[in-house]
Novice: 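Got a structure for you, written out below as structure tokens; questions coming shortly.
Note that ligands are numbered from 1 as they come in the structure, with each ligand's atoms numbered from 1 the same way.
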Amino acid sequence: MKFPKEFLWGGATAANQVEGQHDKDGRAMSIAEMIPYTKLKDRTKIGGIMTSLTKEKLLESVENKEGLSYPKRLGINFYENYKEDIKLFSEAGLDVYRMSISWGRIYPNGDESKPNEKGLEFYRNVIKECKKYGMKVMVTLHHFDTPYTIGAKYGGWYNRDVIDMFLKYAKTLFENFGKEVDYWLPFNEINITSFFALFGGAVFMEDVKDTKDPKQVNYQSLHHQFVAQAKVIELAKKMVPNTPMGCMVANMTTYPIDCKPETMMSWLQSEQMKKYFFYDVVAKGEYPTYSKVFFEKNNIELKITEDDRKLLKNNTVDFISYSYYSTSAHIPEDSNGSKTGGNLVEAGKNPYLKATEWGWQIDPIGIRYTLNDMWDRYHKPMFIAENGIGVDEKLNGKDTIEDDYRIKYLRDHFEQIGLAMEDGVEMIGYTMWTPIDLVSAGTSEMSKRYGLIYVDYDDDHKGTGKRYKKKSFDWFKNFKETGEL
Ligand code: BG6
């Protein structure tokens with residue numbers, strides 16, 4: 001299989017999952033580091049963590065670490081180890097490094113009038129290091145890490161004023177890194193706010209408990225993020241006019257569990273609101289008709305101004321990116337079918353697919369299906385921003401991990417991406433999740449490892465922090481050198 005020379009192969013990470021040193025050099029806590037690690041007996045049941053987090057529990061956690069642990073505060077210490085890590089990324093053959101900038105390192109509480117120079121200096125060094133090896137850089141501005149103060153003092157993304165704070169932050173990044181950054185993504189997995197406004201938008205649900213339905217809060221907060229994204233794109237046109245701006249959505253492709261006409265109708269409606277909606281707003285620039293019907297039926301009244309509508313229409317994304325880990329089955333409410341784990345939300349079990357320990361179903365063909373579907377619908381270049389497999393791995397006295405399952409996972413997905421390109425899908429590139437082990441976003445554990453590089457920390461951050469190349473590291477390196485899968 002031949003991939004075009006200009007296709008970018010790379011890897012992705014997120015600031016709050018790798019950096020650690022969460023309070024160093026003027027940084028303040030972000031919402032991400034307040035999500036505790038909770039040991040789960042059944043690893044597929046992740047949703048419980050998110051819904052059981054009360055404001056009180058979260059606030060307590062800022063001072064009091066008793067009984068709970070917060071691995072995202074420590075990460076893999078990329079903050080101090082970035083030179084070695086980026087060197088390894090380059091050795092593996094990454095053409096592009098997708099990183100995120102922590103808002104809280106630049107504006108620790110969000111509301112300062114001047115940026116934190118120490119934070120800027122850190123990212124200047126990281127970007128410089130990537131460029132030293134000839135790597136391109138893709139930057140995500142917001143990867144689930146709104147500064148804690150924005151949540152506690154301003155009500156998070158439910159408050160429209162947060163848009164301006166975000167714009168100020170974006171302007172600072174364009175001023176400082178506009179010349180070096182090759183691609184920008186304003187939000188990681190923007191759709192997560194529609195499920196969990198706390199995780200996606202730092203909204204403490206107790207603050208909005210008088211609102212008739214959490215969905216109202218989720219979708220209004222999401223609307224503010226849509227507006228913020230469009231404003232950032234508008235600003236980019238002036239400040240970094242030739243740098244492509246993309247969206248990033250947690251892709252949730254489903255297949256109908258059977259072919260009953262009723263199932264098909266319910267599947268279509270679910271695909272509309274759980275998948276297409278997020279892309280439609282940012283790629284077509286308007287709220288689709290089906291979403292208006294959905295909001296009406298659910299008594300959701302969004303505050304959307306005429307200016308917002310114009311802004312969305314005039315500032316759509318240049319390319320479409322999404323994370324792709326798995327697909328699931330759509331099971332209508334009144335039908336039989338079982339559930340399994342998924343990316344932050346439970347998923348319907350597809351009897352034809354195998355799953356990871358966390359219940360995430362493995363479906364390489366689904367990536368080709370999704371690429372075709374998205375390309376036909378939007379005709380914008382595609383970028384796979386995340387894809388990978390989480391596995392509980394242990395060194396057991398050795399100095400490598402024989403991760404043939406990861407090689408198989410990546411190879412199968414790469415093949416299907418190649419086929420999608422033969423189908424005519426226009427693509428920019430792919431960044432795997434992830435070149436290096438890091439703290440899980442959903443469960444805050446270290447044991448769920450995705451990397452080509454093993455990092456010696458356990459869930460309690462015990463270990464040497466030493467980096468070890470897994471078998472997949474060499475496999476990927478060879479693929480980059482020879483083109484052989
Ligand atoms: C995506 C996120 O949801 O999936 C990443 O953008 C995350 O931050 C990745 O790490 C895998 O999810 P998890 O919960 O296994 O870490």
Novice: Looking at the rings of Y430 and F7, which for Trp means the six-membered one, are their centres under 6.0 Å apart?
Specialist: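 Between F7 and Y430, which both carry aromatic rings, the centre distance is not below 6.0 Å.
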Novice: Under 6.0 Å between ring centres: does that hold for Y183 and F319?
Specialist: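 So the answer is yes for these two rings.
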Novice: Check whether any N or O atom of A14, backbone or side chain, sits under 3.5 Å from an N or O atom of ligand 1, and answer yes or no.
Specialist: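 No: no nitrogen or oxygen of A14 is under 3.5 Å from one in ligand 1.
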Novice: Rounded to the nearest 0.5 Å, how far apart are OG1 of T464 and OH of Y468?
Specialist: 5.0 Å
Novice: Run down the list F199, Y324, Y325 and name the one with the heavy atom closest to atom 9 (C) of ligand 1.
Specialist: Y325
Novice: May I ask you to check if ligand 1 and S323 share an N or O to N or O distance below 3.5 Å?
Specialist: no
Novice: Using a 4.0 Å cut-off to any heavy atom of W360, which atoms of ligand 1 qualify?
Specialist: 11 (C), 12 (O), 15 (O)
Novice: Salt bridge or not for K448 and E357, using N-O below 4.0 Å?
Specialist: no
Novice: Looking only at distances, please establish whether an N/O atom of ligand 1 is found under 3.5 Å from an N/O atom of W433.
Specialist: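 Yes, W433 has an N/O under 3.5 Å of an N/O on ligand 1.
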Novice: Would you mind telling me if ligand 1 is within reach of the side chain of L438, the backbone, both or neither, using heavy atoms under 4.0 Å?
Specialist: neither
Novice: Can you name the atoms of ligand 1, numbered from 1 with element, that are less than 4.0 Å from a heavy atom of S440?
Specialist: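 The list of qualifying atoms is 13 (P), 14 (O), 15 (O), 16 (O).
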Novice: Is any NZ, NE, NH1 or NH2 atom of the basic residue among K275 and D373 found under 4.0 Å from an Asp or Glu carboxylate oxygen of the other?
Specialist: yes
Novice: Looking at the rings of Y219 and H223, which for Trp means the six-membered one, are their centres under 6.0 Å apart?
Specialist: no
Novice: N/O of G442 under 3.5 Å from N/O of ligand 1, yes or no?
Specialist: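 Min N/O separation from ligand 1 is below 3.5 Å for G442.
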Novice: If the cut-off is 4.0 Å to any non-hydrogen atom of Y450, which atoms of ligand 1 fall inside it?
Specialist: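 Taking each heavy atom of Y450 in turn, ligand 1 has 11 (C), 12 (O), 13 (P), 15 (O) under 4.0 Å.
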Novice: Using a strict 4.0 Å cut-off to heavy atoms of H143, name the atoms of ligand 1 that fall inside it.
Specialist: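 Numbered from 1, ligand 1 contributes 2 (C), 5 (C), 6 (O), 8 (O).
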Novice: Evaluate side-chain contact (heavy atoms from CB on, under 4.5 Å) for K128 paired with E180, printing each intermediate quantity in order.
Specialist: CA-CA 8 Å; K128 202 167 119 198; E180 285 81 26; over 6 Å; no
